[in-house]
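Proteins come first, then strands; the chains are lettered A, B, ... in the order of their sequence lines, and each starts at number 1.
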Amino acid sequence: MLDINFIRQNSEQVKKGVAAKNIKPQLADDFLVLDKEWRELVKEVDNLRAEQKKFSEAREIEKAKELKNKIQLLDDKLKQVEIERHKILYKLPNLPLEDVPVGKNERDNVVLYEIGKKPEFDFQPKDYLELAEKLDLIDIERASKVSGSRFGYLKNQAALLEFALIKLALDTAILKGFTPIIPPVMIKEEMMKGMGYIDRYEDQDETYFLEKDKLYLVGTSEQSIGPMHSDEIFEEKELPKRYAAFSNCFRSEAGSYGKDTKGILRVHQFDKVEMFSFCLPEKSEEEHKLLLSIEEDLMQLLKLPYRALNICTGDLGGPAAKKYDIEVWLPGQNNGKGEYRETHSTSNCTDFQARRLNIRYRSQKLDVKGQGLEYIHTLNGTAFAIGRMLIAIIENYQQKDGSILIPEILQKYLGFSEIK
RNA sequence: GGAAGGUUGGCAGAGUGGUCUAAUGCGCCGCACUUGAAAUGCGGUUGAGGAGAAAUCCUCUCGGAGGUUCGAAUCCUCCACCUUCCGCCA
């Protein structure tokens with residue numbers, strides 16, 4: 001949610017930002033019209049109410065009674081306008097930061113740099129699925145029998161590898177001051193809304209909803225961690241508050257029929273270690289860089305070749321003001337010619353989620369009026385999305401004989417150095 | 001699943017229809033006293049919104065949403081959450 005006062009005072013800037021995100025800028029005008037109407041009604045109702053109160057205190061019951069009906073009528077109207085105004089406010093996306101490249105879609109994302117040496121093979125590199133099925137690491141067929149399409153069983157060393165990756169991610173994050181945490185994966189509707197999902201029509205279909213219990217399955221633990229501190233007030237010295245969460249993630253992938261249908265690249269259920277930070281507004285860009293650097297550290301520890309992208313305005317999504325993606329090099333894809341695929345994403349959501357979730361901190365700054373309560377900033381970033389990391393390791397560490405070496409850093413967690 | 005009891009400001013906790021703009025205590029902030037601190041005394045201390053150049057004024061806010069009433073923390077309805085007991089269960 002955007003700051004209402006900001007929209008009132010900077011409507012042109014808001015329209016520009018909204019348009020850059022491929023959303024109709026007309027929304028901002030619609031809001032301002034309703035907001036004006038709302039303000040007039042509030043004034044009127046407040047004044048009538050004050051009058052009624054006076055009559056009531058003076059026990060002039062008849063006069064108070066008269067006003068009561070009048071107020072009720074106006075108040076009903078006010079409520080209607082309020083609902084409409086609120087709806088639009090929730091539809092307005094977060095505005096991109098100034099240094100975000102303007103663009104229409106993922107083709108306009110800017111590659112920042114490429115790190116790591118792509119593996120060179122003296123043979124035709126294979127697709128991970130072919131390798132994994134031969135080594136009995138992944139079973140798609142039986143998963144499809146049991147659960148349908150877009151599921152997989154991870155078996156044997158692949159299952160063990162998951163735990164090793166989780167441990168590596170947590171160990172790395174803990175060193176940077178993150179609290180390890182395992183959150184609930186079912187959350188209430190209001191919390192899902194607070195995080196800025198499910199308001200935009202394109203996200204509706206992406207989420208699993210348990211009708212009987214009115215609970216949503218999280219698509220990422222971000223949705224469960226953010227609301228943890230809703231309606232809370234931090235002391236300035238408590239910030240930044242950092243979590244490294246391990247959880248299952250559930251995605252219906254309703255909008256992606258026919259896309260990546262094979263294997264475990266795009267599945268309904270996967271596991272992920274996610275980083276989440278609550279921080280001071282003026283520190284969020286620095287924090288964003290920290291999240292990106294941890295993601296890169298993890299990739300470098302695994303010695304996987306990757307590139308970093310600055311995501312353009314049109315590809316940012318609702319809550320993000322700025323986003324970096326990391327794409328790993330997958331040599332077995334694209335018929336053995338290789339291609340980059342997304343494994344990590346980190347977003348700075350500034351105060352957009354905090355405003356909805358009402359998460360603030362008590363500022364020590366003297367120039368802030370009143371109690372000095374200000375909204376904090378929230379950020380999230382992938383540590384490891386396990387399935388895609390398995391794919392990356394299998395394809396990059398494959399050997400001519402179809403065996404797979406284990407990245408050195410993981411060997412201490414596993415006790416073996418290759419899969420064959 | 002069954003039964004009972006709860007939810008009040010940063011915290012504890014009083015309040016069952018009208019100065020509740022919520023007692024009291026703790027905490028926090030300021031001032032006084034003090035060489036300094038503690039103790040003590042005095043004052044302040046929920047948040048949100050609207051009007052105004054400002055001083056300031058007004059409205060809302062006692063888990064949430066409705067309702068009764070001239071008037072609701074207080075009465076009624078629904079919902080959420082918490083605690084305890086029984087049942088079931090990893």
Side-chain angles (χ1 to χ4, degrees), chain A residues 1-9 31-90 92 182-195 198 209-216 223-224 226-239 241 246-248 278 351-376:
Chain A
M1 178 167 98
L2 295 175
D3 180 357
I4 289 170
N5 275 316
F6 185 85
I7 305 173
R8 287 174 186 157
Q9 286 154 23
F31 174 81
L32 288 172
V33 169
L34 280 168
D35 182 56
K36 197 175 166 223
E37 194 181 342
W38 177 82
R39 278 199 278 182
E40 278 159 11
L41 282 167
V42 162
K43 193 169 131 190
E44 224 171 317
V45 170
D46 278 4
N47 288 339
L48 285 174
R49 218 170 255 162
E51 212 178 319
Q52 190 214 18
K53 238 169 135 173
K54 269 188 204 138
F55 283 136
S56 187
E57 271 159 27
R59 298 291 193 282
E60 301 196 47
I61 292 173
E62 282 309 310
K63 284 183 180 173
K65 220 179 221 174
E66 244 173 74
L67 277 177
K68 188 194 172 186
N69 297 325
K70 217 168 155 187
I71 289 171
Q72 200 143 40
L73 274 165
L74 261 184
D75 200 40
D76 286 346
K77 197 174 169 200
L78 174 64
K79 271 175 193 154
Q80 274 180 21
V81 173
E82 204 161 41
I83 288 168
E84 283 308 305
R85 169 180 177 267
H86 197 253
K87 256 190 210 161
I88 298 186
L89 186 60
Y90 263 44
L92 288 168
I182 300 172
V185 292
M186 293 182 246
I187 67 173
K188 295 187 208 169
E189 180 168 31
E190 58 191 281
M191 296 309 173
M192 204 62 156
K193 279 196 171 155
M195 293 304 288
I198 74 174
F209 181 59
L210 304 176
E211 180 60 43
K212 189 164 138 293
D213 301 288
K214 305 284 180 234
L215 288 169
Y216 284 84
Q223 293 159 350
S224 182
M228 264 179 85
H229 293 291
S230 59
D231 294 317
E232 290 185 22
I233 296 168
F234 286 106
E235 291 303 322
E236 190 168 336
K237 59 175 185 285
E238 292 178 275
L239 299 171
K241 194 132 201 141
F246 168 80
S247 82
N248 304 120
F278 302 85
D351 60 358
F352 187 80
Q353 293 172 327
R355 206 174 284 280
R356 292 188 183 201
L357 293 167
N358 193 29
I359 309 177
R360 293 170 296 175
Y361 77 102
R362 211 173 287 281
S363 172
Q364 303 298 311
K365 278 176 249 151
L366 293 171
D367 58 334
V368 177
K369 81 169 206 202
Q371 285 290 298
L373 294 180
E374 279 192 286
Y375 291 103
I376 52 99

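The side chain to side chain contact (heavy atoms under 4.5 Å, CB included) test with A/Arg39 is passed by exactly one of A/Leu41, A/Asp35, A/Val42: A/Asp35.
At the phosphate of B/G52, neither OP1 nor OP2 sits under 4.0 Å from any side-chain N or O atom of A/Arg39. Considering only side-chain N and O atoms, A/Gln52 lies nowhere under 4.0 angstrom from the phosphate OP1 or OP2 of B/C70. Between A/Arg360 and B/A48 there is a side-chain N or O to OP1 or OP2 distance below 4.0 Å.
For the pair A/Ile359/A/Phe234, a side-chain contact is recorded, criterion being any heavy-atom separation below 4.5 Å from C-beta on. Between A/Leu210 and A/Tyr216 the shortest side-chain heavy-atom distance does not fall below 4.5 Å.
Across the protein-nucleic acid pair, A/Lys36 atom NZ and B/A51 atom P stand 12 Å apart, rounded to whole Å. Atom P of nucleotide B/G49 and atom CD1 of A/Ile4 are separated by 7 Å, given to the nearest angstrom. A/Ile187 has its CD1 atom 14 Å from the P atom of B/C81, to the nearest Å. One atom, CE of A/Met1, and another, P of B/A48, lie 12 Å apart when rounded to the nearest Å. Summarising the geometry, the separation between OH on A/Tyr361 and P on B/G10 is reported as 18 Å, rounded to the nearest angstrom. Protein atom CD of A/Glu189 is 17 Å distant from nucleotide atom P of B/C79, rounded to whole Å. Rounded to a whole Å, the CD1 atom of A/Ile233 is 12 Å from the P atom of B/G9. For A/His86 and B/G49, the NE2 to C1' distance is 13 Å, given to the nearest whole Å.
The local environment of CD1 in A/Ile182 is sparse, with at most 12 non-hydrogen atoms from other residues, nucleotides or ligands closer than 6.0 Å. Under a cut-off of 6.0 angstrom, the local environment of CE in A/Met186 is sparse, with at most 12 non-hydrogen atoms contributed by other residues, nucleotides or ligands.
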With both pairing distances under 3.5 angstrom for Watson-Crick or G-U wobble, and | for a partner in another strand, the correct string for RNA chain B is ((((((((.[[[..)..(.....]]]((((((.......)))))).(((((....)))))..[[[[[..)....]]]]])))))))....

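With A/Ser56 contributing its side chain and A/Lys53 its backbone, the two residues share no donor-acceptor pair below 3.5 Å. In terms of modelled atom types and a separation under 3.5 Å, the side chain of A/Asp213 and the main chain of A/Leu215 share no donor-acceptor contact. The closest donor-acceptor contact from the side chain of A/Ser224 to the backbone of A/Pro184 lies under 3.5 Å.
The aromatic rings of A/His229 and A/Phe278 sit perpendicular to each other, their planes meeting at more than 60°, with 30° as the lower class boundary.
Side-chain contact, A/Glu235 with A/Tyr361: no donor N or O sits under 3.5 Å from an acceptor N or O. Using modelled atom types and a 3.5 Å distance limit, the side chains of A/Asn358 and A/Arg356 yield no donor-acceptor pair.
Of the residues in residues 55-71 of chain A, A/Ser56, A/Arg59, A/Ile61, A/Ala64, A/Lys65, A/Lys68 come within less than 4.0 Å of RNA chain B through at least one heavy atom, sorted by number.
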I'd like a table of atom pairs between the protein and nucleotides 59-66 of chain B - only N or O on both sides, under 3.5 Å - with the distance next to each one.
| unit_1 | atom_1 | unit_2 | atom_2 | d |
| --- | --- | --- | --- | --- |
| B/U59 | O2' | A/Asp46 | OD1 | 3.0 |
| B/C60 | OP2 | A/Lys53 | NZ | 3.1 |

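When each of A/Arg85 and A/Asp76 is assigned the nucleotide of RNA chain B bearing its nearest heavy atom, the one mapping closer to the 5' terminus is A/Arg85.
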